[in-house]
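Order of the sequence lines fixes the chain letters, A, B, ..., with proteins taken first and strands second; residue numbering starts at 1 for each chain.
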Amino acid sequence: MLPISLFREKPEVILADHDKRGISRDSVYEVIRLDGEWKAALHEMEQSRRQRNIAAKGIAAAKKSDDKEESNRIMAEVKNLGSQISELDEKAKSLANQRDTLRMRIPNILHDSVPEGVDESENTQHSMHGEKPVFEFEPKVHNELIEQNKWVELERAAKIAGSRFFFLKGDLARMELALQTFAIDFLGERGFTLVQPPVMMNREAYEGVTDLNDFETVMYGVEPDKLYMIATSEHPLTAMFMDEVIEPSLLPIKMVGVSPCFRREVGAHGLSDRGIWRVHQFTKIEQIIISHPDDSWSHHEDLLTNCTDLWDALGLHYEVVNICTGDMGTVAARKYDLEAWLPGAKAYKEIVSCSNCTDYQANRLRMRYRTPDGNAAVHTLNSTAVATSRALVAIIEQNQMEDGRVRIPEALQPLMGGKKVLDPCNF
RNA sequence: GCGGUCAUCGCAUAGCCUGGCCAUUGCGCCGGAUUGCUAAUCCGGUGGGUCUACCCACGAGGGUUCGAAUCCCUCUGAUCGCGCCA
């Protein structure tokens with residue numbers, strides 16, 4: 001959420017951002033209009049309250065000097081001031097509410113470096129890593145490989161839970177755990193503290209971290225408790241500091257989160273989404289930084305470096321893309337994606353998303369740090385380290401052998417008892 | 001689940017019983033002054049708002065009242081005891 005002061009003092013910044021994104025300016029003007037009306041209503045109410053306070057003091061003084069007449073006179077005078085105040089208060093609250101409901105939907109201000117573009121086809125390449133693997137046979141797509149090796153059970157999972165859920169079995173399940181350990185250790189060495197979060201959150205905290213449309217399309221609601229299953233550990237780890245004033249000496253706070261992630265994936269269909277590429281539940285290791293505003297852009301680069309170093313260590317070929325204005329979501333000010341080469345699918349596809357959300361989430365969550373001139377919003381950053389289901393897909397497609405078995409990346413071998421190749425599952 | 005106690009926006013606290021002027025004090029932090037050697041002492045600041053005045057804020061939301069941190073109700077969270085489970 002953008003601070004209301006920005007609408008009052010520099011609306012041109014927001015308007016220019018809307019133009020860059022190619023979205024209508026109307027709601028910005030509407031927020032400004034509602035804010036003006038709210039100010040007027042608030043002022044009116046404050047005047048009534050002031051009258052009441054003066055009267056109350058008069059009564060107190062009169063009672064002290066035992067002047068019954070005077071106190072009764074004032075009491076009669078302000079008898080219905082109370083109902084007037086609550087009316088005006090309700091009006092002001094309703095206006096503030098309308099203003100902020102609208103303001104919650106206004107996206108973050110993009111960083112100047114974000115390339116202009118209409119949709120994901122206009123994202124620009126940032127860098128290319130590793131070498132495209134060459135095969136002396138026709139490489140298979142991952143859903144063929146997992147089926148042939150019996151590493152994944154989609155139909156049995158559908159029977160007990162629904163489509164897009166899966167059982168992970170045998171060596172592939174073991175490699176999933178190795179990936180988790182590898183990523184956690186890797187980031188631990190770079191100063192990130194491991195945190196395991198709750199996997200459900202209440203509505204208020206959740207509204208602080210996500211695009212509001214996600215409540216319809218992404219999150220599972222848990223009834224009757226009015227909770228939501230987390231779509232990523234970014235959400236609980238960021239919201240963790242809701243309503244807090246953080247001592248500047250504690251910044252930056254660097255965490256590596258590990259959790260299952262739950263996504264409804266409403267409207268997602270298609271041949272390219274078969275297998276375990278797009279599923280309702282997967283495990284993700286996530287980097288989170290809560291930072292001083294002055295440092296967030298350098299931390300953003302650090303997060304990307306951590307990702308590229310980690311994925312380089314796994315020996316995979318991928319590219320980094322710079323997300324353009326039209327493809328950026330509501331919350332991030334700047335975003336890099338890592339897209340791994342899938343030789344079976346013959347495409348680069350998203351495996352990592354690395355964002356600087358600046359003060360957008362912090363404003364919603366009232367997460368501040370202490371400064372000499374009062375409290376100011378912190379910046380929040382997040383980046384995937386490894387989403388295991390997608391990492392597995394990239395690994396098995398890039399490391400597949402002619403017989404359908406898969407070489408284990410060297411970095412993971414020590415975590416799998418020295419094993420070098422994933423063997424098929426026996427049932 | 002049941003019952004008791006509690007909740008003061010950096011942390012910790014007073015005020016509540018018995019409603020009324022200014023929400024107290026300590027620590028921490030920031031700024032300044034002064035003396036000077038790993039620091040001490042003194043002064044000021046340190047919740048929010050259309051920020052000298054004024055209004056709001058004592059977990060959240062309601063109620064009583066001319067007036068609520070204070071009295072009443074509901075909710076949330078913490079904590080202790082009992083129950084239940086491991």
Side-chain angles (χ1 to χ4, degrees), chain A residues 1-11 31-100 103 197-198 200-208 222-228 236 239-253 290-294 359 361-378:
Chain A
M1 182 166 65
L2 302 177
I4 192 66
S5 55
L6 195 62
F7 290 85
R8 291 174 188 161
E9 290 155 26
K10 289 185 177 176
V31 168
I32 293 169
R33 187 184 70 78
L34 287 164
D35 184 52
E37 284 187 29
W38 169 78
K39 279 188 200 172
L42 188 71
H43 186 73
E44 204 182 339
M45 182 198 60
E46 285 191 355
Q47 290 314 307
S48 301
R49 275 192 165 149
R50 186 176 173 203
Q51 278 179 43
R52 186 184 66 182
N53 289 346
I54 291 167
K57 279 179 194 170
I59 292 165
K63 287 211 165 164
K64 230 169 207 172
S65 56
D66 235 5
D67 189 345
K68 267 225 162 82
E69 236 172 78
E70 174 69 359
S71 65
N72 286 338
R73 190 186 64 76
I74 304 175
M75 275 195 239
E77 205 177 284
V78 295
K79 190 80 180 160
N80 51 9
L81 209 52
S83 57
Q84 191 186 324
I85 290 169
S86 50
E87 253 171 58
L88 290 167
D89 187 39
E90 239 162 77
K91 186 180 164 195
K93 270 187 187 157
S94 146
L95 284 165
N97 225 322
Q98 288 177 55
R99 177 195 70 186
D100 292 338
R103 191 157 62 105
M200 294 181 219
M201 284 170 68
N202 63 41
R203 177 100 193 186
E204 197 210 341
Y206 227 132
E207 284 184 350
V222 181
E223 294 295 343
D225 297 287
K226 304 264 195 305
L227 293 170
Y228 294 87
M240 190 174 174
F241 297 92
M242 178 167 85
D243 280 319
E244 292 193 31
V245 178
I246 303 169
E247 286 296 337
S249 61
L250 294 176
L251 300 175
I253 298 170
I290 316 283
S291 126
H292 189 287
D294 293 347
D359 59 0
Q361 293 173 317
N363 281 322
R364 285 188 180 181
L365 292 167
R366 298 168 297 278
M367 281 164 57
R368 300 146 291 164
Y369 72 102
R370 190 176 298 290
T371 81
D373 317 310
N375 299 328
V378 294

Please report the distance, rounded to the nearest Å, between [atom1] in [X] and [atom2] in [N].
X        : N     : atom1 : atom2 : value
A:Gln51  : B:G67 : CD    : P     : 14 Å
A:Met45  : B:C54 : CE    : P     : 16 Å
A:Ile246 : B:C29 : CD1   : C1'   : 15 Å
A:Gln84  : B:G67 : CD    : P     : 13 Å
A:Leu250 : B:C29 : CG    : P     : 13 Å
A:Arg49  : B:C54 : CZ    : C1'   : 12 Å
A:Leu251 : B:C29 : CG    : C1'   : 14 Å
A:Arg366 : B:A60 : CZ    : C1'   : 12 Å

Using the [atom1] atom on both, measure [N] against [M] and round to a whole Å.
N     : M     : atom1 : value
B:G48 : B:C58 : P     : 15 Å
B:A57 : B:C9  : C1'   : 9 Å
B:A53 : B:U46 : P     : 11 Å
B:U18 : B:C71 : C1'   : 11 Å
B:G67 : B:A33 : C1'   : 44 Å
B:G15 : B:U24 : P     : 14 Å
B:U25 : B:U34 : C1'   : 26 Å
B:G47 : B:G1  : C1'   : 38 Å

Qualifying residues under salt bridge (charged side-chain N to carboxylate O under 4.0 Å, His left out), relative to [X], sequence neighbours excluded:
X        : answer
A:Arg103 : A:Asp100
A:Glu207 : A:Arg203
A:Lys57  : none
A:Glu204 : A:Arg366

Give each protein N/O atom lying under 3.5 Å from an N/O atom of nucleotides 7-13 of chain B, with the pair distance.
| unit_1 | atom_1 | unit_2 | atom_2 | d |
| --- | --- | --- | --- | --- |
| B:G10 | O4' | A:Arg370 | NH2 | 2.4 |
| B:G10 | N9 | A:Arg370 | NH2 | 3.2 |

Check: Does A:Asn363 use its side chain to pair, donor to acceptor, with the backbone of A:Asp359 at less than 3.5 Å?
Finding: yes
Margin query: Heavy-atom nearest nucleotide on RNA chain B for A:His43 versus A:Lys93: which residue maps closer to 5'?
Written below: A:His43
Item checked: A:Asn53 vs A:Glu44, nearer the 5' end of RNA chain B by closest nucleotide -> A:Glu44
Margin query: Just to be sure I follow the notation: if a pair is Watson-Crick (purine N1 to pyrimidine N3 plus N6-O4 or O6-N4) or a G-U wobble (N1-O2 and O6-N3), each under 3.5 Å, what dot-bracket string does RNA chain B give, with | for pairs to another strand?
Written below: (((((((..(((.......[....)))((((((.......))))))(((....)))..(((((..]....))))))))))))....
Check: Can you name the side-chain contact (heavy atoms from CB on, under 4.5 Å) partners of A:Glu244, sequence neighbours left out?
Finding: A:Phe241
Checklist line | side-chain contact (heavy atoms from CB on, under 4.5 Å) partners for A:Glu247, two or more places apart | finding: A:Ser249, A:Leu250, A:Arg370
Margin query: By the 4.0 Å heavy-atom rule, please label A:Ala40 as base, sugar-phosphate, or nothing.
Written below: base
Check: Base, sugar-phosphate, or nothing: which does A:Leu42 touch, judged by heavy atoms less than 4.0 Å apart?
Finding: base
Next item on the list: List in chain and number order the residues that pass side chain to side chain donor-acceptor pair (under 3.5 Å) with A:Glu37, two or more places apart in sequence or in another chain; answer none if no residue qualifies.
Entry: A:Arg33
Checklist line | Which residues share a side chain to side chain donor-acceptor pair (under 3.5 Å) with A:Arg49, sequence neighbours left out | finding: none
Item checked: Which residues share a ring pair (Phe, Tyr, Trp, His ring centres under 6.0 Å) with A:His292, sequence neighbours left out -> A:Tyr369
Any N/O pairs under 3.5 Å between the protein and nucleotides 18-22 of chain B? List them or say none.
| unit_1 | atom_1 | unit_2 | atom_2 | d |
| --- | --- | --- | --- | --- |
| B:G20 | O6 | A:Lys63 | NZ | 3.3 |
| B:G20 | N2 | A:Ala56 | O | 3.1 |
| B:C22 | OP2 | A:Lys57 | NZ | 3.1 |

Checklist line | Residue pair A:Leu251 / A:Ser291: nearest heavy atoms and the distance that separates them | finding: CD1-C, 4.3 Å
Item checked: A:Ala92 to A:Trp38 - nearest heavy-atom pair and separation -> O-CD1, 3.1 Å
Next item on the list: Find the distance between CG (A:Leu227) and CG (A:Asn202) and round it off to the nearest 0.5 Å.
Entry: 7.0 Å
